[in-house]
Amino acid sequence: MTAAPSTGLRAVVLGASGALGGAFVDALRANPRFAEVLALSRSSTPGFDLDDEASIQRCAHAVGQGGAVHWLIDTTGALEIDGVGPEKRLDAISAQGLVRSMQINAIGPALLMKHFIPLLSSDMPTVYATLSARVGSIADNRKGGWYGYRAAKAARNMLLQNAAIEASRRHPLAVFAALQPGTVRSKLSRPFVAPSDALAPEASAAQLLQVLQSLKPTGRAQFVDFRGASIPW
Ligand SMILES: NC(=O)c1ccc[n+]([C@@H]2O[C@H](COP(=O)([O-])OP(=O)(O)OC[C@H]3O[C@@H](n4cnc5c(N)ncnc54)[C@H](OP(=O)(O)O)[C@@H]3O)[C@@H](O)[C@H]2O)c1
């Protein structure tokens, strides 16, 4: 006989103002297993900015006051930053552009890991997922381009892997996942993909939630796409 799935779960979606973030919030709120789904972003109260660790710490503290968390999904990220789009060629990279992509797509998400992973319940199954991207796979890089975004997503993956190895000692029932959502209609993808060629965020989030529910804790992070297929790091 298998154990009944847990109910009364608490979830936090980070970057809830985005297309995927909003879709995750709606899907989790529609799922009767979740008693509370907190939607945090730059525009929520409390809110956080990836450029401001103190705001991240304040948000995590406020969430922790309500008890342990079972699911954390970080959907933050940006492709065009401060009006600068992804670099197609080596001669288009700049120190400032690379630093900003690292800050938003890797360092900010690492600070979210730092302050939110300790909130995970240590005696119940939990999930920490961060939105990566297939273009963050070094092994899968066939086309090149998008220097800053690719490098920052690869860094986000490494930071998650490190955090997973360390945190699994205290949270052996935790699943850590770097997610590829597919090409999804959003503010981020709009300049690069025709809406008709992209998935609805609701469809991607629904599939990713199914994938996350199927993953088993391994003591390591897992890099998976919305169909449940593993992606090489
Ligand atoms: N869409 C795709 O095809 C696709 C493909 C692969 C991977 N992804 C990844 O999926 C994730 C979600 O993307 P999306 O398509 O849903 O994009 P989106 O709609 O643009 O959402 C991005 C989210 O990141 C937040 N964010 C950006 N800069 C921030 C900052 N400085 N501080 C706090 N929050 C910040 C945004 O907040 P504001 O609303 O305040 O700007 C928003 O909540 C990203 O990590 C993206 O790289 C997307």
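Just so it is clear, the model here is predicted, and its values are computed rather than measured. When a ligand or atom number is given, it counts from 1 through the structure's own listing order.
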Distance-only N or O hit between ligand 1 and Gly15, under 3.5 Å: yes

Gln57 CD to Lys114 NZ distance, which is reported to the nearest 0.5 Å: 7.0 Å

Polar atom proximity, Gly18 to ligand 1 (N or O, under 3.5 Å): yes

Proximal atoms of ligand 1 relative to Ala133 (non-hydrogen, under 4.0 Å): 6 (C), 7 (C)

Nearest-neighbour protein heavy atom for atom 41 (O) of ligand 1, which is reported as residue plus atom name and distance: Arg42 NH2, 2.7 Å

Nearest heavy-atom neighbours spanning Gln213 and Trp71: CG-CH2, 3.7 Å

Heavy atoms of other groups near Met158 CE, more than 12 under 6.0 Å: no

Separation between CD1 of Ile81 and OG of Ser101, rounded to the nearest 0.5 Å: 4.5 Å

From Ile231, Asp225, Leu131, residue fulfilling side chain to side chain contact (heavy atoms under 4.5 Å, CB included) relative to Leu179: Leu131

Point-to-point distance, once rounded to the nearest 0.5 Å, from CZ of Arg10 to CG of Leu72: 9.5 Å

Structural part of Lys153 in contact with ligand 1, heavy atom criterion under 4.0 angstrom: side chain

Shortest protein contact, atom 47 (O) of ligand 1 (heavy atom only): Tyr149 OH, 2.6 Å

Geometric N/O contact Asp51 with ligand 1, under 3.5 angstrom: no

The one among Gly21, Gly22, Gly77, Ala23 that brings a heavy atom closest to atom 24 (O) of ligand 1: Gly77

Best match, Leu20, Leu188, Leu131, Asn105: closest heavy atom to atom 46 (C) of ligand 1: Leu188

Contact (N/O only, under 3.5 Å) between Thr183 and ligand 1: no

Ligand 1 versus Ile104: contacting region, heavy-atom distance under 4.0 Å: side chain

Distance-only N or O hit between ligand 1 and Val184, under 3.5 Å: yes

From OG (Ser17) to NZ (Lys187), nearest 0.5 Å: 7.0 Å

Listed once per pair and sorted, the side-chain hydrogen bond (donor to acceptor under 3.5 Å, both in side chains) pairs that draw on residues 149-171, sequence neighbours left out: Asp74-Arg156, Thr130-Arg156, Ser132-Asn157, Asn141-Arg150

Part of Gln180 within contact of ligand 1 (heavy atoms, under 4.0 Å): side chain

Criterion side-chain contact (heavy atoms from CB on, under 4.5 Å) on Ser204 and Leu20, from CA distance to verdict: CA-CA 8 Å; Ser204 172; Leu20 277 160; 3.6 Å; yes

Residue selection (non-hydrogen contact nearest atom 9 (C) of ligand 1) among Ala39, Ser132, Ser43: Ser132

Nitrogen or oxygen atoms of Ser186 and ligand 1 under 3.5 Å apart: yes

Pro201 to ligand 1, any heavy atom closer than 4.0 Å: no

All salt bridge (charged side-chain N to carboxylate O under 4.0 Å, His left out) counterparts of Asp26, not counting sequence neighbours: none

Top protein contact for atom 45 (O) of ligand 1, by heavy-atom distance: Thr76 O, 2.7 Å

Gap separating the CZ atom of Phe48 from the CG atom of Leu111, nearest 0.5 angstrom: 11.0 Å

Option with minimal heavy-atom separation from atom 36 (C) of ligand 1, where the choices are Ser17, Gly136, Ala19, Pro181: Ser17

For Phe48, atoms of ligand 1 separated by under 4.0 Å from a heavy atom: 33 (C)

Polar atom proximity, Leu50 to ligand 1 (N or O, under 3.5 Å): yes

N or O pair under 3.5 Å between Ser41 and ligand 1: no

Spacing of CZ belonging to Phe192 relative to CG belonging to Leu79, to within rounding of 0.5 Å: 4.0 Å

